[in-house]
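Have a look at the structure below, then the notes.
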Amino acid sequence: MRIGAVLLVIWLALGVVAAFQRGYFKDDGDASCAEAGTVIITTIAGPLNWMGVNPKITCDVPEPSK
């Protein structure tokens with residue numbers, strides 16, 4: 001069980017490194033659900049990012065009715 005937890009932490013840490021390399025943590029003032037989703041899914045993809053996986057998330061937020 002401990003080895004699985006260690007492997008999971010390493011996997012997610014590599015995902016954070018990949019997201020950092022792609023510049024997802026820059027403070028450009030454009031915070032959206034799409035950007036947050038892309039960072040999260042890139043982190044979850046972990047080392048697969050270096051094997052060509054480039055996950056992107058799009059969000060369509062509905063406009064409130066008048």
Fill in: Co-membership, hydrophobic cluster, residues L12 and L14, 4.5 Å side-chain
no

Discussion item. Main chain of K56, side chain of T38: is a donor-acceptor contact present, judged purely on distance under 3.5 Å?
Written reply: no

Discussion item. Would a single hydrophobic cluster contain both L48 and F20, if residues Ile, Leu, Val, Met, Phe, Trp and Tyr are joined by side-chain heavy-atom contacts under 4.5 Å?
Written reply: no

Item to complete: Check the hydrophobic clustering (I, L, V, M, F, W, Y; side-chain heavy atoms under 4.5 Å; chains of links allowed) and say if V9 and W11 are grouped together.
Response: no

Practice prompt. Kindly give the heavy-atom pair with the smallest separation between C59 and A34, and that separation in Å.
Written response: SG-N, 3.5 Å

Worksheet item: Is the side chain of N49 donor-acceptor paired with the backbone N or O of A19 at a distance under 3.5 Å, no angle test?
Response: no

Discussion item. Hydrophobic clusters here meaning ILVMFWY residues chained together by side-chain heavy-atom distances under 4.5 Å, can you tell me if V39 and I41 are in one?
Written reply: no

Worksheet item: Rounded to the nearest 0.5 Å, how far apart are CD1 of I40 and CD1 of I44?
Response: 7.0 Å

Fill in: Min side-chain heavy-atom separation V17-W50 under 4.5 Å
yes

